[in-house]
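In what follows, a single structure is set out as structure tokens and then discussed.
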Amino acid sequence: MLIQNLRKRLSEDIYLFLEKSSAVNKSGIPKKPDTLNDKVMQITLSIPKNREFGDLSTNAALVLAPVLKKSPLKIAEEIKNNIIITWPEAADINIAAPGFINFFISRDYILNNLEAIALQKYKYGCNKHGKNIKVQIEFVSANPTGGLHIGHGRWAALGDSLSNIFISNGFDVCREYYINDFGSQTAKFSLCLASIYLKAFGQDTEYPQDGYPEELVKSVVDQVLNEEKLTDGPGFKGRYIKNKKSDGSFKKITGRAGSDAISEMADIDAIGLQGIGIMIKRIAASLKSMNVEFDEWFYESSLYKNANFEKTIQQLEKEKLVYRKDDALWFKAALHGDEKDRVVVRSGGEPTYFASDIMYLINKAGRRFKKLIYILGADHHGYIKRLHAIGKATGFDERNIEVIIGQLVRLVKKGKAVKMSKRKGHVYMLDDLIEEVGSDAIRYFFTANSFNTPMDFDLDLAKQKSNQNPVYYIQYAHARIANIIDKVRQGIAEQEIDFDRNDLILPGKWSDNFEDIFEALISENSFKIPHLESNEEADLAKMLMLYPDVVYDACICREPYMINQYLYRLAGQFHYFYKHHRVIDGKKLNSGRFKLVLLTRIVLANALKILGVGAPERM
RNA sequence: GCGCUUGUAGCUCAGUUGGAUAGAGCGACGGACUUCUAAUCCGUAGGCCGAAGGUUCGAAUCCUUUCAAGCGCGCCA
């Protein structure tokens with residue numbers, strides 16, 4: 001982490017320097033330690049917007065000027081001559097009005113450190129900042145009573161990429177999907193299933209009012225029937241039907257209607273269980289097709305097993321976190337920062353969704369997660385205070401309950417926003433989108449913006465533009481490198497390419513595998529520093545050096561889009577390099593460039609992996 | 001009504017603890033293929049940072065007010 005290290009060193013060096021200067025009096029105590037510390041904290045080291053200024057820039061002199069009561073330019077001069085000039089990383093240091101200190105990253109430093117990429121390979125970019133702390137990231141968690149729509153796709157892409165970023169920063173990450181398989185929605189879904197199921201056996205019942213779309217329910221029932229056929233043979237009799245006589249005919253149900261009739265005729269809970277299972281498999285398959293896999297599928301219903309609910313209520317009562325009012329049990333949420341108190345147990349004795357929330361959080365704490373990250377849509381922002389209140393009340397440090405609110409995806413068609421409504425059937429399913437646009441483009445597109453940016457998803461544009469999507473630009477860079485390697489391999493095998501053996505000891509036998517080639521080249525060569533002549537080459541190398549900082553920043557900010565942005569710039573830098581310089585020049589291999597290109601491929605592949613986007617070798 | 005979020009180029013968006021002349025991509029326009037793949041490269045045009053005040057050496061960024069958009073405020077999940 002080049003920049004991160006320099007940042008740290010800058011403030012340390014400045015503090016040391018100030019200790020020796022007039023800002024600190026003779027007894028060694030700063031005159032106003034708080035102001036001084038505050039000021040040192042304000043010092044930044046960043047990449048300036050204008051490249052001409054340099055690679056890095058610091059405002060240190062400007063920040064310190066009011067405290068030191070000296071002109072910024074004078075301070076800048078001192079910092080330059082006493083601190084930055086001693087850094088091997090810095091070159092061409094200059095001072096610009098009103099007091100910025102700018103410098104470039106020295107080419108020697110870059111070249112000497114390229115070896116790190118070669119050695120770390122697929123770990124390049126990773127750091128140990130997370131100290132293996134257990135982090136749980138919960139995302140998507142869509143109800144298993146329907147398929148995933150476009151919006152879920154965004155959380156899937158963001159959540160998975162963020163998980164990868166945390167892993168790259170040394171955290172122990174668990175990706176978790178919370179399945180709401182308990183409560184009224186599940187009950188309704190089960191009822192719908194049972195109704196259609198009964199129909200399949202000629203038992204007509206009234207389809208539940210306000211039920212789930214029949215088309216969806218029927219597709220699930222069909223699958224249930226197929227599975228039943230498989231296990232029970234062709235003469236299957238409907239294992240969820242309760243009102244069967246011994247001869248296989250049905251008892252008549254009289255005087256009952258609607259859900260009562262259904263529950264008398266069929267085992268609703270059992271068919272619901274199987275139906276939910278089928279839905280979860282479908283959801284998992286959709287997610288898998290966009291490269292998202294969860295470590296844990298957590299069932300809400302499991303929270304109610306082994307009298308856990310009753311025990312939890314007892315515990316809450318014992319700790320005086322709840323009280324009774326109007327026959328219901330209330331959680332003192334307002335006391336812990338929420339807007340108002342919340343009902344945990346309804347007057348009828350039924351637990352609310354909030355009861356599950358409490359038990360789930362206690363459960364997470366019990367699994368020793370130190371940090372809980374919830375990725376929720378903007379329509380759930382009312383949750384933040386609620387979750388923090390639970391944390392505070394149950395003793396989980398609320399600072400480690402992070403709720404990331406993602407803005408919603410608006411579907412736009414012909415310039416007009418389409419209202420996404422499940423009832424009206426205007427929902428655009430994720431599977432359809434994957435089919436039309438492809439997983440790579442979706443993954444890139446959904447992480448290309450900040451969590452906090454509301455996204456307009458223009459369907460027509462997505463389809464039409466798929467060919468010039470930025471993701472292809474990036475993948476093309478990777479494919480071009482693959483092609484170069486292929487050419488080099490062939491050229492050497494057929495003795496048509498000449499190269500300096502002192503510079504590049506290539507293994508005699510190369511397999512077709514990319515990784516093997518790199519592996520063999522690096523190990524046999526013990527990576528000698530490449531000779532790079534031009535600025536374009538040095539700029540590309542510099543870009544490679546900055547990758548670990550990007551991985552770190554993306555984690556600190558919890559923003560995967562920073563990886564997208566970096567990838568695009570890296571690809572651009574590569575394409576520019578490719579256009580202006582040849583790796584295979586006539587019949588001669590430029591080994592320095594060849595190495596540079598191999599390293600570029602590693603970084604491209606690493607970053608693409610974080611985003612869950614493929615790195616094709618041919619396009 | 002109260003609360004959360006957003007408003008930056010024609011479009012989609014960066015600009016993250018205040019920094020230098022507000023940046024990319026797409027679209028538009030003009031160039032470059034005898035080439036390691038032109039899915040590329042080079043160039044041009046495009047802006048009152050929603051509006052108005054304030055804070056200071058310095059504001060797209062912080063504060064106040066205001067306008068507009070999205071979302072949320074159940075003993076639903």
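FYI, side chains are in, hydrogens and waters are out, and symmetry mates aren't considered; it's all heavy atoms of this structure. Not measured: the values here are computed from a predicted model. Per chain, numbering begins at 1; letters A, B, ... match sequence-line order.
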* To the nearest angstrom, how far is A:R410 atom CZ from B:rG7 atom C1'? -> 12 Å
* **side-chain contact (heavy atoms from CB on, under 4.5 Å) partner of A:F104, the single match among A:L56, A:D55, A:I93** => A:D55
* Applying ring pair (Phe, Tyr, Trp, His ring centres under 6.0 Å), name anything that partners A:F182, two or more places apart in sequence or on another chain. => A:Y304
* Looking for any heavy atom pair under 4.0 Å, which part of the strands does A:I485 touch: base, sugar-phosphate only, or nothing? -> nothing
* Structure fact -> By the Watson-Crick or G-U definition, both distances under 3.5 Å, B:rC62 is matched with B:rG54
* Asked: Whole-Å distance between B:rC13 P and A:F451 CZ?
  -> 16 Å
* **Side chain of A:D456 (C-beta onward), nearest among B:rC36, B:rA14, B:rC13** => B:rC13
* Short side-chain to backbone donor-acceptor contact, A:W330 and A:K325, under 3.5 Å -> yes
* To do: Using both distances under 3.5 Å as the test, list the Watson-Crick or G-U wobble partner of B:rA38, or none.
  => none
* **A:L64 CG - B:rG19 P separation (whole Å)** => 17 Å
* With rounding to whole Å, what would you report as the distance between B:rG47 and B:rU56 at their C1' atoms? -> 25 Å
* **NZ/NE/NH1/NH2 to OD/OE distance under 4.0 Å, A:D539 and A:K542** => yes
* Structure fact -> Among B:rA38, B:rC13, B:rC41, the one nearest any side-chain atom of A:T453 is B:rC13
* Atom-to-atom span, CD of A:Q573 to P of B:rG25 - whole angstrom -> 13 Å
* Counting side-chain heavy atoms from C-beta on, which of B:rC36, B:rU16, B:rC42 comes nearest to A:Y576? -> B:rC42
* In a check of ring pair (Phe, Tyr, Trp, His ring centres under 6.0 Å) between A:Y360 and each of A:Y353, A:F309, A:F298, A:Y299, which one passes? -> A:F298
* 5' priority, RNA chain B, between A:P454 and A:I384 [closest heavy atom] -> A:I384
* For nucleotides B:rC2 and B:rA9, find the distance between their C1' atoms and express it as a whole number of Å. => 36 Å
* Asked: Could you state the CG-P distance from A:N449 to B:rG15, rounded to the nearest angstrom?
  -> 10 Å
* Between A:T44 and A:R618, who's closer to the 5' end of RNA chain B by nearest nucleotide? -> A:T44
* **Under 3.5 Å donor-acceptor, A:Y178 side chain and A:W297 backbone** => no
* So, is A:Y476 near the phosphate of B:rA39, with a side-chain N or O under 4.0 Å from OP1 or OP2? -> yes
* Gap between atoms CG and C1', on A:N452 and B:rC71 respectively (whole Å) -> 12 Å
* N-O pairing of A:D585 and A:K588 below 4.0 Å -> no
* Asked: How is A:A479 classified with respect to the nucleic acid when contacts are heavy atoms under 4.0 Å: base, sugar-phosphate, or nothing?
  -> base
* Structure fact -> Taking a pair to mean Watson-Crick or G-U wobble geometry with both distances below 3.5 Å, B:rC73 pairs with B:rG1
* Asked: Between B:rU16, B:rA39, B:rA20, which nucleotide gets closest to the side-chain atoms of A:Y561?
  -> B:rU16
* Asked: A:I484 has an atom CD1; how far is it from atom C1' of B:rC36, in whole Å?
  -> 5 Å
* Using atom P of each nucleotide, how far apart are B:rA52 and B:rU8 to the nearest Å? -> 15 Å
* So what does A:H478 touch, heavy atoms closer than 4.0 Å: a base, only the sugar-phosphate, or nothing? -> nothing
* Asked: Across all strands, who's sitting opposite B:rA28 as a Watson-Crick or G-U wobble pair, both distances under 3.5 Å?
  -> B:rU44
* Identified pairing partner of B:rA68, criterion: Watson-Crick or G-U wobble below 3.5 Å -> B:rU6
* **Ring-base stacking, A:F100 with B:rA20 (5.5 Å, 30° cut-offs)** => yes
* **Integer angstrom distance from the C1' of B:rG15 to that of B:rA45** => 22 Å
* Expressed as a whole number of Å, how far does the P atom of B:rU17 sit from that of B:rA28? -> 36 Å
* Asked: B:rC36 P sits how many Å from A:H580 NE2, rounded?
  -> 17 Å
* Rounded P spacing from B:rG43 to B:rG54 in Å -> 42 Å
* If you measure from the P atom in B:rA60 to the same atom in B:rG50, how many Å do you get, rounded? -> 10 Å
* To do: Select base, sugar-phosphate, or nothing to describe what A:Y568 touches, counting heavy atoms under 4.0 Å on all strands.
  => sugar-phosphate
* Asked: Do A:N469 and B:rA39 share a donor-acceptor pair, side chain to base, under 3.5 Å?
  -> no
* **side-chain contact (heavy atoms from CB on, under 4.5 Å) partner of A:I610, the single match among A:N564, A:V550, A:I563, A:L567** => A:I563
* Structure fact -> In Watson-Crick or G-U wobble terms, with both distances under 3.5 Å, the base opposite B:rC13 is B:rG23
* Do A:D456 and A:R410 meet the salt-bridge criterion of a basic N to acidic O distance under 4.0 Å? -> yes
* List the protein contact pattern of nucleotides 72-77 of chain B with one symbol per nucleotide (5' to 3'): B for base contact, S for sugar-phosphate-only contact, - for none; contact means a heavy-atom distance under 4.0 Å. => SSSBSB
In a table with atom names and distances, give each donor-acceptor pair under 3.5 Å that connects a side chain of residues 376-384 of chain A to protein atoms at least two apart or in another chain.
| from | atom 1 | to | atom 2 | distance (Å) |
| --- | --- | --- | --- | --- |
| A:H381 | ND1 | A:A378 | O | 2.9 |

* **Short side-chain N/O contact from A:R582 to OP1 or OP2 of B:rC36, under 4.0 Å** => yes
* Would you mind classifying the nucleic acid contact of A:N59 as base, sugar-phosphate or nothing, using non-hydrogen atoms under 4.0 angstrom? => base
* Using the P atom in both, what is the distance from B:rC49 to B:rC75, to the nearest Å? -> 46 Å
